[in-house]
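Step one of this worksheet: look at the structure below.
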Amino acid sequence: MHHSLFERLPSEILWHIFLFASPKERSIARQVSRRLRTLCSHPAFWQSVDLTHHKTLWSLNELQRILSPHLDHIRSVNIQNVRDESVRYLLNNCPNMEELTVRRWKTLSDHALQLDRDHVKLRLFCLHGDDTPYTAIDANALARLILRLPSLQILAMVAHAHIHIPTLLKSVQKKPPQALRSITLPIYHHEQQYDGVAMSSLYGEQLLGACPKLEHVFFVPNMGLYYHGDNKLSPLLVHHRRILIN
């Protein structure tokens, strides 16, 4: 059988080459030969998956084609240009994933956060969309997600959206998240007020009171979909748990 010069390279050199390859490139290389299939399937290549170099929206079929052989090995994912189905696929099919960061989307709604079962490993979930359109995720959907993520420590949602804090509070007060340490939520900005209450007072205190390990509460003042500024969103620390040292 003919072997290309590329495949005759020592394993150490091939390993070094594929360290710099994207997940999509490794997925393609797996189809070339048995040797490359074995090499590019090594769990070390799939523990931390960077999917941020894709220029167009990810389709579900493409994500499945790249990730499905390696789902059990994935520990963290950083992805951009997604739809609801992409986020939902990652949440429901990567059982050992501990960190998920999502950047940029065309549309993102409550459907993205629908979990079929509890995800017991996820510790960090971040949605960063300050240069994307409005995000149609509400407080009820976010509360259901939190309840499905018992190990969640950091939840950050920096997006053009509006999370109604009293609605979220009702859910977390009924079943407090036991691991949550930091939460960042988008709200509408109106003269530093929220439902007539200063952002730095009541709701921050109530969130701290409801979540036993929560240390930091950030609100993201949101100018709304039609704001014509630079469209950048800046989280504002509104409350933190005081740590007393005897």
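For the atom pair Arg34 CZ and Leu36 CG, the distance stands at 12.0 Å (nearest 0.5 Å). We find the NE2-CG distance between His119 and Leu145 to be 10.5 Å, quoted to the nearest 0.5 Å. Between Lys213 atom NZ and Gln178 atom CD the span is 8.0 Å, to the nearest 0.5 Å. Note: Tyr89 OH to Asn61 CG = 10.0 Å, rounded to the nearest 0.5 Å. Expressed to the nearest 0.5 Å, how far NZ of Lys170 lies from CD of Gln206 amounts to 11.5 Å. Distance check: Leu147 CG to Lys174 NZ gives 10.5 Å after rounding to the nearest 0.5 Å.
Under a hydrophobic-cluster definition in which Ile, Leu, Val, Met, Phe, Trp and Tyr are linked whenever side-chain heavy atoms come within less than 4.5 Å, directly or via other members, Leu149 and Leu71 are assigned to the same cluster. When hydrophobic clusters are built by joining Ile, Leu, Val, Met, Phe, Trp and Tyr residues whose side-chain heavy atoms come closer than 4.5 Å, directly or via intermediates, Phe45 is grouped together with Met97. Cluster annotation: Leu91 and Leu60 are assigned to the same hydrophobic cluster (Ile/Leu/Val/Met/Phe/Trp/Tyr, side-chain heavy-atom contacts under 4.5 Å, transitive). Taken together through direct or relayed side-chain contacts under 4.5 Å among Ile, Leu, Val, Met, Phe, Trp and Tyr, Leu127 and Leu57 form parts of separate hydrophobic clusters. Residues Ile154 and Val87 do not share a hydrophobic cluster, clusters being chains of Ile/Leu/Val/Met/Phe/Trp/Tyr side chains in contact below 4.5 Å.
Between Leu142 and Leu113, the shortest heavy-atom contact is CD1-CD1, 4.2 Å. Heavy-atom minimum distance, Glu25 versus Phe20: OE1-O, 4.4 Å. Here the shortest heavy-atom pairing between Pro150 and Asp118 reads CD-CB, 4.5 Å. Taking every heavy atom of both residues into account, Val102 and Phe125 meet most closely at CG2-CE1, 4.4 Å. Leu180 approaches Cys211 most closely through the heavy-atom pair CD2-SG, 4.5 Å. The two residues Ile163 and Ile137 come nearest to each other via the heavy atoms CD1-O, 3.5 Å.
Enclosure of atom CZ in Arg30 by more than 12 non-hydrogen atoms of other residues, nucleotides or ligands within 6.0 angstrom is indicated.
A donor-acceptor pair under 3.5 Å is formed between the side chain of Arg83 and the backbone N or O of Trp58. Without hydrogens or angle criteria, Gln80 side chain to Arg103 main chain gives no donor-acceptor distance under 3.5 Å. Not one N or O on the side chain of Ser151 forms a donor-acceptor pair closer than 3.5 Å with the backbone of Leu122. Remark: side-chain polar atoms of Ser27 are not paired, donor with acceptor, to backbone N or O of Pro23 under 3.5 angstrom. Looking only at distances, a side-chain donor or acceptor of Asn81 sits under 3.5 Å from a matching main-chain atom of His54. Without hydrogens or angle criteria, Asn140 side chain to Thr167 main chain gives no donor-acceptor distance under 3.5 Å.
Residues meeting the side chain to side chain contact (heavy atoms under 4.5 Å, CB included) test with Ser48, sequence neighbours left out: Ser76. With sequence neighbours excluded, the residues forming a salt bridge (charged side-chain N to carboxylate O under 4.0 Å, His left out) with Glu62 are Lys24, listed by chain and number.
The shortest side-chain heavy-atom distance between Val77 and Thr101 does not fall under the 4.5 Å cut-off. Two residues are said to be in side-chain contact when any heavy atoms from C-beta on lie closer than 4.5 Å; Thr135 and Met157 meet this criterion. Between Leu67 and Asn93 the shortest side-chain heavy-atom distance does not fall below 4.5 Å. Inter-residue side-chain proximity for Ser109 and Thr107 is flagged as unmet; no heavy-atom pair is nearer than 4.5 Å. The closest side-chain heavy-atom distance from Phe18 to His42 is not below 4.5 Å. Inter-residue side-chain proximity for Asn96 and Arg75 is flagged as met; some heavy-atom pair is nearer than 4.5 Å. Counting only heavy atoms from C-beta outward, the side chains of Leu168 and Leu185 approach each other to under 4.5 Å. Side chains of Pro166 and Tyr203 form a contact here, defined as non-hydrogen atoms less than 4.5 Å apart.
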*Are Phe218 and Val158 close enough, and set up right, to give a side-chain contact (heavy atoms from CB on, under 4.5 Å), and what steps lead you there?*
CA-CA 10 Å; Phe218 297 85; Val158 182; over 6 Å; no
*asked:* Under the criterion salt bridge (Lys or Arg N to Asp or Glu O under 4.0 Å), I'd like the reasoning laid out for Glu99 against Arg123: C-alpha separation, chi angles, the key distance, then a yes or no.
replied: CA-CA 6 Å; Glu99 299 181 358; Arg123 297 182 296 104; 3.4 Å; yes
_Working for side-chain contact (heavy atoms from CB on, under 4.5 Å), residues His70 and Ser41_ = CA-CA 7 Å; His70 319 288; Ser41 297; 4.1 Å; yes
*Test log, rule side-chain contact (heavy atoms from CB on, under 4.5 Å), inputs Leu108 and Asp84*: CA-CA 5 Å; Leu108 206 63; Asp84 285 352; 3.5 Å; yes
*What's the verdict on side-chain contact (heavy atoms from CB on, under 4.5 Å) for Leu90 and Val82, showing C-alpha distance, side-chain angles and the deciding distance?*
CA-CA 11 Å; Leu90 293 168; Val82 299; over 6 Å; no
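No option in Arg35, Gln31, Arg26 other than Arg26 meets the side chain to side chain contact (heavy atoms under 4.5 Å, CB included) test with Cys40.
Checked against a 6.0 Å centroid threshold, the rings of His73 and Trp46 do not count as neighbours.
Judged purely by distance below 3.5 Å, without hydrogens or angles, the side chains of Asn78 and Thr52 never pair a donor atom with an acceptor atom.
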